Amino acid sequence: MCGRTSCHLPIDVLTRACAYRNRQGQPRLPEWKNPDKYCPSYNKSPQSSSPVLLSRLHFEKGADSSERIIVPMRWGLIPSWFKESDPSKLLFNTTNCRSDTMMEKRSFKVPLGKGRRCVVLADGFYEWQRRQGTHERQPYFIYFPQIKSEKSGSIGAADSPEDWKKAWDNWRLLTMAGIFDCWEPPEGGNHLYSYTIITVDSCKSLNDIHQRMPAILDGEEAVSKWLDFGEVSTQEALKLIHPTENITFHPVSLTVNNSLNNTPECLAPADLLVKKLRGSSQKMLQWLATKSPKKEDPKTPEKAGSDVPQWSSQLLQKSPLSIKRSSAGLLEQWLKQEKEEEPMAKRLHSE
């Protein structure tokens, strides 16, 4: 499943990160609909508003279906046929929809049949791993592997529209396949746009954390096909819905557990070993005195009853590469740079 995400970039920076080419190969930036409804956050939960990409054809008849717009939408799909006046009275959870059953459920089958496909934008998403033999759960931040070149500059807001034309070379946004719908209150009023995130079985590297993961669209071609409902049929688009191994993750602090917490600490890498030691038992201290994690084969399963966390990310294993070249290292640099260079408007959102 996917029940918490991060999407904190200001509007102009997020726009640059979504640069694309239309059907004619021309470079484009998506336009916004209702940008005032977008609230950047490091800790987004269901029923909050998140930015989603979709084809312009959904809003403008006769538009090129390869052209894109960004629309802030409510997380948790409200079906167009829902008859109650209060969306919160919907009796079933539509935060996610399972890929293996979505064509059996009216709430998802109907909008999908109308081509209402969208791409949910995020820095990444959070998932919780239940610790073996305890009731505690450890949160992880999950995202695309990041490659930072020497061209990369500040992640702050663009100084002018001309800057938006520059190639995006910073944090790669996670692009998750979604379905959206438009609900109109029975007594009339403003339409409510809402979405659900499609989920699939987890890839091998995430299976130890959770059995489900979002259907991630990896690459511009996949994003383009999923959005272009005018040219790509539902049957063809559904071939894009499958697990991907092109994903990485690291543990984060329990700060993210409270959805009211909206700070960079939510997604900053946490040291589980230090955390474990702070509340350690004598058994753990003895284990550390007799074993060296550096020498053990990470593929060797732990003995039953061990208090040692089960690492399942390459970021949690010793790597011959410098930490600065790992995704977790890049994230720490990214957060540090952001704190130093972020525009005033962005600081206000965090505070």
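Remember, predicted model here, so these are calculated numbers, not experimental data.
- Hydrophobic cluster membership differs between Leu53 and Phe229, with clusters built from Ile, Leu, Val, Met, Phe, Trp and Tyr side chains linked at under 4.5 angstrom.
- Taking both residues in full, the closest heavy atoms of Pro30 and Cys18 are given as CD-O, 3.4 Å, listed atom of the first, atom of the second, then distance.
- Ser55 contributes no side-chain N or O that, together with a main-chain N or O of Asp228, makes up a donor-acceptor pair within less than 3.5 Å.
- The backbone N or O of Asp36 lies less than 3.5 Å from no partner atom in the side chain of Asn34, so there is not a single donor-acceptor pair.
- For the pair Cys7 and Ala122, the tightest heavy-atom approach, listed with the atom from each and the gap, is CB-CA, 4.1 Å.
- Glu245 places a side-chain N or O within donor-acceptor distance of the main-chain N or O of Lys204, the cut-off being under 3.5 Å.
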Before you tell me yes or no, could you show the steps for His250 and Tyr143 under side-chain hydrogen bond (donor to acceptor under 3.5 Å, both in side chains), namely the whole-Å CA-CA distance, both residues' side-chain angles and the distance that decides it to 0.1 Å? CA-CA 9 Å; His250 62 254; Tyr143 49 101; 2.9 Å; yes
Start with the C-alpha gap between Cys118 and Ile179, add the side-chain angles, then the distance that decides, and say whether side-chain contact (heavy atoms from CB on, under 4.5 Å) holds. CA-CA 6 Å; Cys118 64; Ile179 302 170; 5.8 Å; no
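- With hydrogens and angles left out, the side-chain atoms of Arg23 and Ser65 include a donor and acceptor closer than 3.5 Å.
- Residues Val256 and Pro139 share a closest heavy-atom pair of CG1-CB, 3.6 Å.
- Formation of a donor-acceptor pair under 3.5 Å by the Asn96 side chain with backbone atoms of Cys2 is found in this model.
- Outside the 6.0 Å centre-distance limit, the rings of Tyr140 and Phe125 are not counted as a close aromatic pair.
- Pro51 and Leu14 get closest at one heavy-atom pair: CG-CD2, 3.8 Å.
- A heavy-atom distance below 4.5 Å is not found between the side chains of Pro79 and Val110.
- Side-chain contact between Leu192 and Glu184 is absent, with no heavy atoms from C-beta onward closer than 4.5 Å.
- At least one side-chain heavy atom of Tyr126 sits under 4.5 Å from a side-chain heavy atom of Val252.
- When hydrophobic clusters are built by joining Ile, Leu, Val, Met, Phe, Trp and Tyr residues whose side-chain heavy atoms come closer than 4.5 Å, directly or via intermediates, Val71 is grouped together with Tyr38.
- Side-chain atoms of Arg74 and Gln47, non-hydrogen and from C-beta on, do get closer than 4.5 Å to each other.
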Decide side-chain contact (heavy atoms from CB on, under 4.5 Å) for Ile142 and Leu206; before the verdict, give the C-alpha distance in whole Å, the side-chain angles of both, and the deciding distance to 0.1 Å.
CA-CA 9 Å; Ile142 305 166; Leu206 289 182; 4.0 Å; yes
Could you give me the CA-CA distance, side-chain angles and deciding distance for Glu220 and Arg68, then say whether salt bridge (Lys or Arg N to Asp or Glu O under 4.0 Å) is met?
-> CA-CA 13 Å; Glu220 174 59 25; Arg68 304 174 189 176; 2.4 Å; yes
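- Salt bridge Asp123/Arg172: absent, no basic N to carboxylate O contact under 4.0 Å.
- Atoms OG and CZ, from Ser66 and Arg28 in turn, are 8.5 Å apart once rounded to the nearest 0.5 Å.
- Note that OG1 of Thr15 is 7.0 Å distant from CG of Leu29, once rounded to the nearest 0.5 Å.
- Taking NZ from Lys44 and SG from Cys266, the interatomic distance works out to 12.5 Å, rounded to the nearest 0.5 Å.
- Under a hydrophobic-cluster definition in which Ile, Leu, Val, Met, Phe, Trp and Tyr are linked whenever side-chain heavy atoms come within less than 4.5 Å, directly or via other members, Ile197 and Met103 are assigned to the same cluster.
- A 4.5 Å side-chain heavy-atom check between Ser194 and Met73 finds every atom pair outside the cut-off.
- Salt-bridge check for Lys33 with Glu60: passed, with a basic side-chain N closer than 4.0 Å to an acidic carboxylate O.
- Tested against Glu265 for a side-chain contact (heavy atoms from CB on, under 4.5 Å), the candidates Asn262, Thr263, Asn261 yield a single pass: Thr263.
- Salt bridge present: Arg212 and Asp201 bring a charged side-chain N and a carboxylate O closer than 4.0 Å.
- Note: His8 and Tyr42 have parallel aromatic rings, judged against thresholds of 30 and 60 degrees for the angle between ring planes.
- Interatomic distance, Leu260 CG to Thr255 OG1, rounded to the nearest 0.5 Å: 12.5 Å.
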Exercise. Output, in order, the C-alpha distance, side-chain angles, deciding distance and verdict of side-chain hydrogen bond (donor to acceptor under 3.5 Å, both in side chains) for Ser88 and Asp86.
Key: CA-CA 5 Å; Ser88 65; Asp86 183 358; 2.8 Å; yes
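- For the residue pair Lys89 and Phe82, the shortest heavy atom distance occurs at C-CZ, 3.8 Å.
- Separating the NE2 atom in His242 from the CG atom in Asp218 is a distance of 8.5 Å, to the nearest 0.5 Å.
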(request) Any chance you could lay out the side-chain contact (heavy atoms from CB on, under 4.5 Å) test for Thr5 and Trp75, step after step, and finish with the verdict? (result) CA-CA 11 Å; Thr5 66; Trp75 186 3; 3.9 Å; yes
Query raised in the report: Could you go step by step and tell me if Ser41 and Asn43 meet the side-chain hydrogen bond (donor to acceptor under 3.5 Å, both in side chains) rule?
Result: CA-CA 5 Å; Ser41 174; Asn43 197 355; over 6 Å; no
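- Considering only heavy atoms from C-beta on, Leu9 comes within 4.5 Å of Leu173 through its side chain.
- Hydrophobic clustering, with ILVMFWY side chains joined whenever heavy atoms are under 4.5 angstrom apart, groups Ile11 together with Ile70.
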Could you check Val52 against Leu121 for side-chain contact (heavy atoms from CB on, under 4.5 Å), going step by step and ending with a plain yes or no?
CA-CA 6 Å; Val52 302; Leu121 303 172; 6.0 Å; no
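- Of the possible donor and acceptor atoms, one in the side chain of Asp181 sits under 3.5 Å from a partner among the backbone N and O of Ser80.
- With no hydrogens or angles considered, no side-chain donor-acceptor pair links Tyr20 and Gln26 at under 3.5 Å.
- Of the possible donor and acceptor atoms, none in the side chain of Thr248 sits under 3.5 Å from a partner among the backbone N and O of Pro145.
- A distance of 9.5 Å separates CG of Leu227 from OG1 of Thr175, quoted to the nearest 0.5 Å.
- Side-chain N or O atoms of Arg117 include one that pairs as donor or acceptor with a backbone N or O of Trp226 at under 3.5 Å.
- Ring to ring, Trp183 and Tyr193 are not that close: their centroids are 6.0 angstrom or more apart.
- Using a 4.5 Å cut-off on side-chain heavy atoms (C-beta onward), Thr95 and Tyr195 make no contact.
- Put simply, the side chain of His210 never gets that close to the backbone of Arg130: no donor and acceptor are under 3.5 Å apart.
- With hydrophobic clusters built from ILVMFWY side chains whose heavy atoms lie under 4.5 angstrom apart, Ile216 shares a cluster with Met102.
- Side-chain atoms of Glu127 never come within 3.5 Å of backbone atoms of Phe141 as a donor-acceptor pair (strictly under, hydrogens ignored).
- Arg56 has a carboxylate O that lies under 4.0 Å from a charged side-chain N of Glu31, or vice versa, which qualifies the two as a salt bridge.
- Checked by atom type and distance alone, the side chain of Gln138 never pairs as donor or acceptor with a backbone atom of Glu136 at under 3.5 Å.
- Scanning all heavy atoms of the two residues, the minimum distance from Ser99 to Ile198 falls at CB-CG2, 4.0 Å.
- Using a 4.5 Å heavy-atom threshold, the side chains of Ile247 and Ser205 count as touching.
- Classification of Glu236 and Lys225 as a salt-bridged pair fails, no side-chain N sitting under 4.0 Å from a carboxylate O.
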